[in-house]
Peer 1: 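Quick one: the structure is below, and I'll ask about it shortly.
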There are 2 protein chains.
Amino acid sequence: MKSRFWQALIVLLRLGAHKKPVEINTVKFGKLLGVSQQTASRRIRELLNAGLITREVTRKGQAVSLTNEGVEALRELYLELKNVFEEVPKFLTLRGEVFTGIGEGSYYVDLPGYKKQFISRLGFIPYSGTLNLRLKSSIDVLNRKLLEKMPGILIKGFFDEKRTYGDVKCFKALINDSIEGALLLIKRTHYGEDVVEVISKENLRQKLGLKDGDIVEVKVFLE
Amino acid sequence: MKSRFWQALIVLLRLGAHKKPVEINTVKFGKLLGVSQQTASRRIRELLNAGLITREVTRKGQAVSLTNEGVEALRELYLELKNVFEEVPKFLTLRGEVFTGIGEGSYYVDLPGYKKQFISRLGFIPYSGTLNLRLKSSIDVLNRKLLEKMPGILIKGFFDEKRTYGDVKCFKALINDSIEGALLLIKRTHYGEDVVEVISKENLRQKLGLKDGDIVEVKVFLE
DNA sequence: ATTACTATTCTACGAGTAT
DNA sequence: TATACTCGTAGAATAGTAA
């Protein structure tokens, strides 16, 4: 459809021509479109020929209605815009400060009961160790809590002779906009709720040259 | 804004240029717009001058982003369309079968405690009598229940020496697409929930030539 | 009053091509 | 390859009017 038709259709929609015939003359219509009376007159005839409106000419002007086709064209435009503007965010970003844990990360990651699932569900063989991040801002903590409510990727817990190992929820993630990995939300952790752990197939500390106190950005994909 | 700009902005939105710079060359852009490479090139420069996009020319093409101004222009369009297409229905239609009641309708309508309010709130002097309608389809009964949850126009109850008279909720209505009146939802009625009553300044039975068993359509306005 | 025809102006497009 | 300039032309807008 010619792009100048859209403007005219939207003006008519604004006047309510999708519900009932709208009384309008070519001078007014021209003003609304920012064109001359002659052009407004021609525009109406163009829309008419395109089957987008119907009208009845009276002595005072014309009663113009959008046809179903006209309304549907606008609805299509609406739905397209809706898709963009009402889109649920597909990722969120957490920022946290690197710190050294007690080294249990590598122990857990290497447990076959977890490791097999990491490989199959995340698509990479995790490096033996986790990067601990402490969230510094309250908005990051809030976002972390939000993640707890999302489905994510659930790594099932298991048990051996000694003890049981809890479920781990994880999300695919991009670390510092460069390295792919995953964010782990470990249910039973001795850390507070301001701590998250990150894994990757790489040694993140080495690859990113990180030391304690550095800030790392994790883009978390919500599936 | 020139109407041919809208089409271009929407194409860019579709490509995600509101989120991140989009790699595109003028040939592709032209194809998407249905214009030549030259026109696409010119269009980009026009949008640039209008402050609707930013870009960076590379050897492979250009990385185009919508500016805030560009996104906001589209969002405004979106909100306008949303207003129209997500509009809550302003009326609903009930269909019911005419039947003869026990004649108490005219007694109630004529009670000054009600009548004064009908006149002031509905804008007409009601004919002394109500038209009783029995809803036949379950969808009509559902719609009637929906009406009970809507605010409507509340006619306050009152009491005299003998007894109390309950509240009456009513809605302006159009009967058989021709006569204005009101639908009454009477709280304490000996009829079931499949019955509604309709009043008007006219004698509806006479004016519409109705007899028992006829079907009447009531377009109920939800305020 | 209107709408809309005709003649004219103007602007937007695309072909050719420079960069 | 890209982008974007020049320029001839198609067609869109307007002024002047007719109906």
Peer 1: Taking only side-chain N and O atoms of A/Gln62, does any of them lie within less than 4.0 angstrom of OP1 or OP2 on C/dT3?
Peer 2: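 For C/dT3, OP1 or OP2 has a side-chain N or O of A/Gln62 closer than 4.0 Å.
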Peer 1: C/dT3 phosphate, OP1 or OP2: any side-chain N/O from A/Ser41 under 4.0 angstrom?
Peer 2: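 For C/dT3, OP1/OP2 do not have a side-chain N/O of A/Ser41 under 4.0 Å.
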Peer 1: Check whether any side-chain N or O of A/Arg42 sits under 4.0 Å from OP1 or OP2 of D/dT14, and answer yes or no.
Peer 2: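 Result: no.
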Peer 1: Would you check if the distance from the ring center of A/Tyr78 to the ring center of B/Tyr78 is below 6.0 Å?
Peer 2: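 Here the rings of B/Tyr78 and A/Tyr78 have centres that are less than 6.0 Å from each other.
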Peer 1: Would you say B/Lys115 has more than 12 foreign heavy atoms packed within less than 6.0 Å of its NZ?
Peer 2: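 Result for NZ/B/Lys115: enclosed.
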Peer 1: Would B/Lys201 and B/Tyr127 count as a cation-pi pair here, with the cationic atom under 6.0 angstrom from the ring centre and within 45° of the axis?
Peer 2: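 B/Lys201 over B/Tyr127 ring: no.
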Peer 1: Could you check B/Lys2 against A/Asn25 and say which one's nearest nucleotide on DNA chain C is further toward the 5' end?
Peer 2: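 On the 5' side of the pair lies A/Asn25.
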Peer 1: Could you state the atom-to-atom distance from NZ of B/Lys28 to P of D/dT1 in whole Å?
Peer 2: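 After rounding, the reported distance stands at 14 Å.
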Peer 1: Tell me whether the side-chain N/O atoms of A/Arg43 come closer than 4.0 Å to OP1 or OP2 in D/dA13.
Peer 2: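 For D/dA13, OP1/OP2 do have a side-chain N/O of A/Arg43 under 4.0 Å.
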Peer 1: Figure out the CD1/C1' separation between A/Ile44 and D/dA13, and round it to whole Å.
Peer 2: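 Going from A/Ile44 (CD1) to D/dA13 (C1'), I get 16 Å.
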Peer 1: Check whether any side-chain N or O of A/Gln7 sits under 3.5 Å from a backbone N or O of A/Leu33 as a donor-acceptor pair, and report yes or no.
Peer 2: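 Yes; judged by distance alone, with no hydrogens or angles, the pair exists.
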Peer 1: Does a side-chain N or O of A/Thr39 approach OP1 or OP2 of D/dT14 to a distance below 4.0 Å, or not?
Peer 2: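 Checking D/dT14 against A/Thr39, a side-chain N or O does come within under 4.0 Å of OP1 or OP2.
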Peer 1: Which of these nucleotides, C/dC5, D/dT3, C/dG16, is closest to any side-chain atom of A/Gln38?
Peer 2: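 Among the listed nucleotides, the one closest to the side chain of A/Gln38 is C/dC5.
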Peer 1: With a 4.0 Å limit, can you tell me whether A/Thr26 has a side-chain N or O closer than that to the phosphate oxygens OP1/OP2 of C/dT3?
Peer 2: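 The answer is yes; a side-chain N or O of A/Thr26 sits under 4.0 Å from OP1 or OP2.
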Peer 1: Checking all strands, does B/Gln37 fall into the base, sugar-phosphate, or nothing category for heavy-atom contacts under 4.0 angstrom?
Peer 2: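 The residue B/Gln37 makes base contact.
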